[in-house]
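Just so it is clear, the structure is predicted and the values come from calculations on it, not from any experiment. Worth knowing before you read on, the calculation uses all heavy atoms, side chains too, and leaves out hydrogens, waters and symmetry mates. In what follows, chains are A, B, ... by sequence order, proteins preceding strands, each numbered from 1.
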2 protein chains.
Amino acid sequence: MVQALSQQGYRVTGPRRALVRLIADRKVRFTAADLEEDVASATPAVGRATVFRTLELLLSLGLVERVHTEGERRDAYVVAEGLHHHHLVCSQCGVVTEVMGCMVDDLVSSLAQAADFQVEGHWMEIVGLCSRCREAGSLE
Amino acid sequence: MVQALSQQGYRVTGPRRALVRLIADRKVRFTAADLEEDVASATPAVGRATVFRTLELLLSLGLVERVHTEGERRDAYVVAEGLHHHHLVCSQCGVVTEVMGCMVDDLVSSLAQAADFQVEGHWMEIVGLCSRCREAGSLE
DNA sequence: TTTACTGCAAACATTTTGCAGATGT
DNA sequence: ACATCTGCAAAATGTTTGCAGTAAA
């Protein structure tokens, strides 16, 4: 990620390094506030604005993605793993599993065809319990 | 809609009537701000707070739905047409077409099964050009 | 040495809330 | 009558921006 920054001509600064380190191997979605909190205990002097600006930068480079959550006010992000895909989001632990969308793409085009619609893009998200949380739940 | 309100024991007031009238046959997504603006020219004295409170009420009754839009800061809504379904949203005119989700449901369950995931819900939205906008575009 | 980047604080935009008064039922 | 609903204005959230100083390159 850091490499990607410098390759694109952006400066590799302390705050960016710190944030990227915190983001890089997150497997769960996170918000700007999450990062702000985490960076505060790791590298005290990184400001709110920088968190937002860095996220926007990473977003524009395609290194992270913004994801929606029904009923959630603030934006959430996930590390972008590859090309087009979809998310399975655990409602308990927040883990995001990615699913390549070959079948989804087919479905999308057939639905669109039926409605005489020219597809520009699509978005799909499945919410539920991941296997770990389901098992943990059934033990109680 | 008005009927649904009174049946559920909510009062049918002037502001609610005015808002429902503005919402009822919208075929495009709208935001709280849109409504606020429209209601201002129709029935001057309806406040911001009432717009939000009424939307929340209609939402809780399942009469409208909240929809996301990538990169959109404020919440948007559409009139809820039936049970579970998905949206085709025109990026040009904003018209929302609903698609019943039988095939989507199947797909969702097979994806989830592969990932050992217990589905609680899913969300899908397709963005593109509706047939009308596509035709209009090709005439230019 | 240059100019992109940063922190801070103030500005913004949207949504929520407290409250006294208006209004359906 | 009485509780629900309303407008207003203030508060709460979440994000963006202006600016003077800092630090990559």
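To the nearest angstrom, P of D:dG14 lies 14 Å from CG of A:Leu35. Atom-to-atom, CZ of A:Phe52 to C1' of C:dT6 comes out at 16 Å; the value is rounded to the nearest Å. Computed from coordinates, the A:Arg17 CZ to D:dA24 C1' distance equals 10 Å when rounded to whole Å. A:Gln8 places its CD atom 16 Å from the P atom of C:dA4, with the value rounded to the nearest Å. Between B:Gln7 atom CD and C:dT25 atom C1' there is a gap of 16 Å when expressed in whole angstrom units. B:Arg74 places its CZ atom 22 Å from the P atom of D:dT13, with the value rounded to the nearest Å. Taking atom CD on A:Glu37 and atom P on D:dT13, their separation rounds to 15 Å, with Å as the unit. The interatomic distance linking B:Asp75 (CG) with C:dT16 (P) rounds to 7 Å, in whole Å.
Under 4.0 angstrom from either OP1 or OP2 of C:dA4 there lies no side-chain N or O belonging to A:Arg16. Taking 4.0 angstrom as the limit, A:Thr13 places none of its side-chain polar atoms (N or O) nearer than this to OP1 or OP2 of C:dA4.
Scanning both residues, B:Ala33 and B:Arg74, for their nearest heavy atoms gives CB-NH1, 3.6 Å.
Of the candidate nucleotides C:dC5, D:dA25, D:dC5, C:dC5 has the atom nearest to the side chain of A:Tyr10. The listed nucleotides are C:dT25, D:dC5, C:dC5; the one nearest the side chain of B:Val12 is C:dT25.
For the pair A:Arg26 and A:Asp38, the salt-bridge criterion is met [side-chain N within less than 4.0 Å of a carboxylate O].
Within 4.0 Å of B:Arg53, counting heavy atoms only, lies at least one base atom of the nucleic acid. Base engagement by A:Arg11 is indicated by at least one non-hydrogen atom pair under 4.0 Å involving a base atom. Counting any heavy atom pair closer than 4.0 Å across all strands shown, A:Arg48 reaches a base atom. Nucleic acid contact class of B:Ala33 (heavy atoms, under 4.0 Å, all strands): none.
Where B:Ala32 and A:Ala49 meet DNA chain C, the nucleotide closest to each residue was compared, and A:Ala49 sits on the side nearer the 5' end.
Side-chain atoms of B:Asp116 and A:Arg134, non-hydrogen and from C-beta on, do get closer than 4.5 Å to each other. Contact check for B:Tyr77 versus B:Asp75: side-chain heavy atoms found under the 4.5 Å cut-off.
Taking CD1 from B:Ile126 and OG from A:Ser109, the interatomic distance works out to 8.5 Å, rounded to the nearest 0.5 Å.
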